[in-house]
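We count residues from 1, following the sequence as given.
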Amino acid sequence: LRFVYTGSIYSKYQSPEPFFQAVGNLFKEGLVNKDNLEIIFAGNNADVSQLAMKYGIQELYSYIGVLSRHDALELQSSADILLFLEFQRSDVSGCYTGKVFEYLYIAKEIWTIGLSGPDSGGDLIAEAKAGIRFYKDVSNIKDEIKKIILHERKIGLQKDTSFIMKYERKSLAEQMLGIVINDK
């Protein structure tokens, strides 16, 4: 089971700690190990080795540094589940990172971690039926990992592709053109 995070982490506003805590609990229980679970982080300020050590899962975790866009997209494609860290600032409501759109197109499944206000990336992911929103609920994260490890559920969600297609560049350009033409 491969979890991947790519991109920058703004430690003041984002944290994967609930995820690491859940994995740590499962590791202590003997349900996950280096043979059945892997966590890969890549990106600027994305080395969270301290969290892996804090929860005793450093053998499951690797940080592979800053990648080219091409390599980051390949890594995302290789993931079973992509981690999306909610940006916890109320003054950025309605601002989406490019990452959320990459993830929507590439991911088999996305797990959002953290709290955020309305109009967040997590809202968009949930509306697209592309992932699970965990907020900071360690117990729910642990339960979902356990279901996958024990083969009680398969990886991958039935995404709402028509919703996601609304955010393709071509679709957005057509919408913008319609606005420009109707404003004349």
Side-chain angles (χ1 to χ4, degrees), residues 1-11 13-20 22-23 37-46 48 63-64 66-137 140-141 143-145 147-148 153-179:
L1 176 58
R2 177 183 271 189
F3 289 93
V4 169
Y5 177 84
T6 61
S8 297
I9 295 179
Y10 301 93
S11 60
Y13 303 110
Q14 297 170 296
S15 176
E17 187 158 6
F19 174 77
F20 278 75
V23 172
L37 192 136
E38 176 182 32
I39 304 165
I40 302 172
F41 274 57
N44 189 32
N45 296 322
V48 290
Y63 171 68
I64 58 175
V66 177
L67 302 176
S68 69
R69 176 166 164 65
H70 174 76
D71 290 343
L73 293 173
E74 276 191 9
L75 180 61
Q76 290 172 12
S77 294
S78 77
D80 293 307
I81 297 170
L82 292 174
L83 298 174
F84 182 82
L85 304 179
E86 293 273 16
F87 203 75
Q88 298 174 49
R89 266 180 71 181
S90 59
D91 61 332
V92 294
S93 178
C95 295
Y96 300 112
T97 67
K99 175 171 310 319
V100 73
F101 298 103
E102 281 178 5
Y103 275 23
L104 284 172
Y105 285 100
I106 291 174
K108 295 175 188 107
E109 190 168 317
I110 306 165
W111 287 11
T112 68
I113 310 294
L115 302 172
S116 196
D119 298 326
S120 70
D123 286 342
L124 200 61
I125 290 165
E127 194 170 347
K129 297 178 177 77
I132 301 171
R133 202 159 189 200
F134 289 100
Y135 302 96
K136 292 184 176 183
D137 192 329
N140 279 344
I141 297 167
D143 289 345
E144 277 309 305
I145 294 171
K147 286 177 192 173
I148 294 168
R153 88 162 180 90
K154 293 184 187 272
I155 297 164
L157 300 174
Q158 195 63 41
K159 295 190 242 182
D160 182 345
T161 52
S162 62
F163 175 82
I164 294 169
M165 298 307 268
K166 291 189 314 188
Y167 294 98
E168 277 192 325
R169 284 189 174 141
K170 181 180 178 191
S171 177
L172 292 172
E174 288 171 352
Q175 289 175 41
M176 183 63 81
L177 183 60
I179 291 169

Does the ring centre of F41 sit less than 6.0 Å away from the ring centre of F20? yes
Any heavy-atom pair between the side chains of T6 and Y103 that's under 4.5 Å? yes
Using side-chain contact (heavy atoms from CB on, under 4.5 Å), reason through I64 and D71 one step at a time and then give a plain yes or no. CA-CA 11 Å; I64 58 175; D71 290 343; over 6 Å; no
Can you name the nearest heavy-atom pair linking [X] to [Y], along with the distance?
X    : Y    : value
I110 : L104 : CD1-N, 3.9 Å
N140 : F134 : O-CE2, 3.5 Å
I145 : F19  : CD1-CE1, 4.0 Å
I40  : R2   : CD1-NE, 3.6 Å
S15  : P18  : O-CD, 3.8 Å
K129 : L157 : O-CB, 3.7 Å

Between atom [atom1] of [X] and atom [atom2] of [Y], what is the distance when rounded to the nearest 0.5 Å?
X    : Y    : atom1 : atom2 : result
I155 : K147 : CD1   : NZ    : 14.0 Å
L82  : Y5   : CG    : OH    : 11.0 Å
R133 : E127 : CZ    : CD    : 11.0 Å
S77  : I106 : OG    : CD1   : 4.5 Å
S11  : E17  : OG    : CD    : 12.0 Å
E109 : E144 : CD    : CD    : 7.5 Å

Please answer whether the main-chain N or O of A79 pairs with a side-chain N or O of K108 as donor and acceptor at a distance below 3.5 Å. yes
Derivation of the side-chain contact (heavy atoms from CB on, under 4.5 Å) call for L85 and Y13: CA-CA 9 Å; L85 304 179; Y13 303 110; over 6 Å; no
Any salt bridge linking E86 with K136? Criterion: basic side-chain nitrogen under 4.0 Å from a carboxylate oxygen. no
